[in-house]
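Reviewing the structure listed below.
Remember, it's 1-based here, ligands and their atoms both numbered in the order they're listed.
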Amino acid sequence: MSEISELTSADKEFLQQYLPPPRPEDTLKERRRGLPFVTLTYASSLDGMISLAPGLRTNLSGPETKSMTHYLRLHHEAILVGVGTAIPDDPGLNSRYPGATLEKQPQPVIIDPNRRWNVGDSKVLKLAQQEQGHTPWIITAKTARISPPTTEEVNGQNFELRPLIGRTRVAASGDGETMPVEWLDWVDILKHIKRMGINSVMIEGGATIISTLLSLPHLVHSVIVTVAPTWLGEGGVAVSPAQKREEGERVNAARLEETAWRQFGADAVLCGRLLQE
Ligand SMILES: NC(=O)C1=CN([C@@H]2O[C@H](COP(=O)(O)OP(=O)(O)OC[C@H]3O[C@@H](n4cnc5c(N)ncnc54)[C@H](O)[C@@H]3O)[C@@H](O)[C@H]2O)C=CC1
Ligand SMILES: Nc1nc(O)c(N)c(N[C@@H]2O[C@H](COP(=O)(O)O)[C@@H](O)[C@H]2O)n1
């Protein structure tokens, strides 16, 4: 039996105002910006952690919030994670919500600048072959080395974006990546996704991507956080945006407004919108 079950009408009503509008491209502002509707969503412990250790898949959501995640996936046109999540977690990135047809499945998108993820062995691909999801899109840096099998070989798509000049980093990725990474601009990534016909994208992680986007409030429309009643402890992977200073003084890095809380089983769900600078 599937562990994903229908949400109650009250749960759906609670989430409604934080979901992408039916036709987000219709608002003049969004058409001008050429950007999709972006939802950041993840599950956190009470000490702000999303996994026990880098690269260790950690279940935080209970059955009710897991069902909520699959409901949210069904209400977005794409679902995006970084390679630091794709390699260690091997996520399915489809929606197992009751009644999810192939047509309604979100498009999986992986940010993999050095093109390291082995799509051929992935659960995403297996689900696509079983017509329970779509073949993934992989976004790489233009300079990436392409390792076999390529996305093209499995009917997925590989998109190369020009990296930011002078922004090569050695990323501390969950799967132990130590090679330098050419950093991509989130505006370029999101504009590219929008140009590919995607109007809404649910960004699920991991820590690097969520932390980065919390510092870019102008690109994010909704934030939906599951708070599980547990502490993961020292050494866990935390979501924490970069420090922020105003006139030389430390200030809060990010804040939610228009917040709403609801209990789903043992977990709390916090919805809100990032305070714009
Ligand atoms: N509890 C939850 O809801 C979730 C937990 N996780 C956990 O998070 C951990 C993974 O987090 P991270 O290691 O931070 O991985 P991540 O999934 O954020 O991927 C980071 C990698 O993505 C690439 N990347 C990200 N932004 C980029 C940019 N702007 N330009 C170029 N490349 C970029 C880089 O290669 C970087 O090393 C895992 O332990 C996973 O289980 C992941 C998703 C959700
Ligand atoms: N909402 C949520 N709760 C948790 O407890 C989690 N560990 C995650 N992780 C995210 O979900 C992905 C797994 O997706 P599938 O169920 O395999 O499709 C994982 O990779 C994280 O992105 N999320």
Side-chain angles (χ1 to χ4, degrees), residues 2-4 40-45 48-73 79-97 100 105-106 108-117 122-124 126-127 132-133 138-144 161-164 167-190 202-213 215-216 219 224-228 230 232 235-240 264 267 269:
S2 168
E3 57 179 334
I4 310 299
L40 291 188
T41 180
Y42 62 97
S44 171
S45 63
M49 310 280 183
I50 65 168
S51 70
L52 278 164
L56 192 59
R57 184 172 169 146
T58 306
N59 274 340
L60 283 160
S61 300
E64 295 82 0
T65 41
K66 201 170 250 261
S67 298
M68 178 195 74
T69 296
H70 284 266
Y71 176 80
L72 295 176
R73 287 181 178 185
I79 171 170
L80 181 150
V81 296
V83 65
T85 297
I87 292 180
D89 283 16
D90 190 23
L93 302 184
N94 68 345
S95 174
R96 274 101 72 191
Y97 195 75
Q105 288 291 341
V109 180
I110 316 295
I111 306 298
D112 183 7
N114 285 337
R115 190 57 187 85
R116 297 181 306 116
W117 184 50
S122 67
K123 196 192 281 179
V124 176
K126 286 190 189 85
L127 288 168
Q132 291 175 46
I138 304 185
I139 296 189
T140 65
K142 242 190 168 18
T143 46
L161 300 186
R162 200 175 294 282
L164 287 163
R167 290 286 302 280
T168 304
R169 308 188 180 179
V170 177
S173 187
D175 66 300
E177 175 188 61
T178 48
M179 69 176 79
V181 167
E182 302 237 47
W183 220 242
L184 304 171
D185 185 340
W186 273 100
V187 173
D188 291 347
I189 294 173
L190 293 171
M202 171 163 161
I203 299 187
E204 277 203 24
T208 306
I209 288 191
I210 300 277
S211 301
T212 305
L213 283 162
S215 299
L216 299 171
L219 300 180
I224 302 179
V225 184
T226 290
V227 183
T230 185
L232 293 184
V237 176
V239 161
S240 186
F264 282 64
D267 303 335
V269 173

Next item on the list: Would you check whether T208 has a nitrogen or oxygen atom less than 3.5 angstrom from a nitrogen or oxygen atom of ligand 1?
Entry: yes

Checklist line | Atoms of ligand 1 close to Y42 [distance to a heavy atom under 4.0 angstrom, numbered from 1] | finding: 3 (O)

Next item on the list: Run the numbers for me: atoms of ligand 2, each under 4.0 Å from some heavy atom of S61, listed by number.
Entry: 1 (N), 2 (C), 3 (N), 4 (C), 5 (O)

Note to self: Can you tell me if R57 contacts ligand 2 (heavy atom of the residue under 4.0 Å from the ligand)?
What the structure shows: yes

Next item on the list: Give the numbers and elements of all ligand 1 atoms closer than 4.0 Å to a heavy atom of G206.
Entry: 8 (O), 11 (O), 16 (P), 17 (O), 18 (O), 42 (C), 43 (C)

Next item on the list: Using a strict cut-off of 4.0 Å, indicate which atoms of ligand 1 neighbour a heavy atom of D89.
Entry: 40 (C), 41 (O)

Notebook entry, point to check: With a cut-off of 4.0 Å, which atoms of ligand 2 are near a heavy atom of T69?
Noted result: 1 (N)

Notebook entry, point to check: Counting heavy atoms only, which of T58, N59, V124, T226 is nearest atom 7 (N) of ligand 2?
Noted result: T58

Item checked: For the student: nearest non-hydrogen atoms of I224 and T41, plus distance -> O-OG1, 2.8 Å

Next item on the list: With heavy atoms only and a cut-off of under 4.0 Å, state how V181 meets ligand 1: side chain, backbone, both or neither.
Entry: side chain

Margin query: Within the 4.0 Å heavy-atom shell around L60, which atoms of ligand 2 are there?
Written below: 4 (C), 5 (O)

Next item on the list: Return the option from T69, T41, T85 holding the heavy atom at the smallest distance from atom 42 (C) of ligand 1.
Entry: T85

Notebook entry, point to check: Going by the order shown, which atoms of ligand 2 are within less than 4.0 Å of some heavy atom of T85?
Noted result: 20 (O), 22 (O)

Checklist line | Any donor-acceptor pair under 3.5 Å from D267 side chain to G62 backbone | finding: yes

Checklist line | atom 20 (O) of ligand 2 - nearest protein heavy atom and its distance | finding: D89 OD2, 3.0 Å

Check: Can any side-chain N or O of T140 pair as donor or acceptor with the backbone N or O of N114 at less than 3.5 Å?
Finding: no

Checklist line | ligand 2 contacted by R73 (non-hydrogen, < 4.0 Å) | finding: yes

Margin query: Applying a heavy-atom cut-off of 4.0 Å, say which part of T65 lies close to ligand 2: side chain, backbone, both or neither.
Written below: neither

Notebook entry, point to check: Can you find an N/O atom of L93 closer than 3.5 Å to an N/O atom of ligand 2?
Noted result: yes

Item checked: Nearest neighbour in protein (non-hydrogen) for atom 11 (O) of ligand 2 -> E204 OE1, 3.2 Å

Notebook entry, point to check: Salt bridge check: are K142 and E182 linked by an N-O gap of less than 4.0 Å?
Noted result: no

Margin query: Side chain or backbone, does I189 bring an N or O within less than 3.5 Å of an N or O on ligand 1?
Written below: no

Check: Any idea which atoms of ligand 2 are less than 4.0 Å away from a heavy-atom of G92?
Finding: 15 (P), 17 (O), 18 (O)

Next item on the list: Between P113 and ligand 1, find which residue part has any heavy-atom pair under 4.0 Å and reply side chain, backbone, both or neither.
Entry: side chain

Next item on the list: Return yes if some donor-acceptor pair links the side-chain N/O of Q105 with the main-chain N/O of S95 below 3.5 Å, else return no.
Entry: yes

Next item on the list: Can you sort out which atoms of ligand 2 are near R96, meaning under 4.0 Å from one of its heavy atoms?
Entry: 15 (P), 16 (O), 18 (O)

Item checked: Polar contact flag for A207 and ligand 1 (N/O pairs, less than 3.5 Å) -> yes

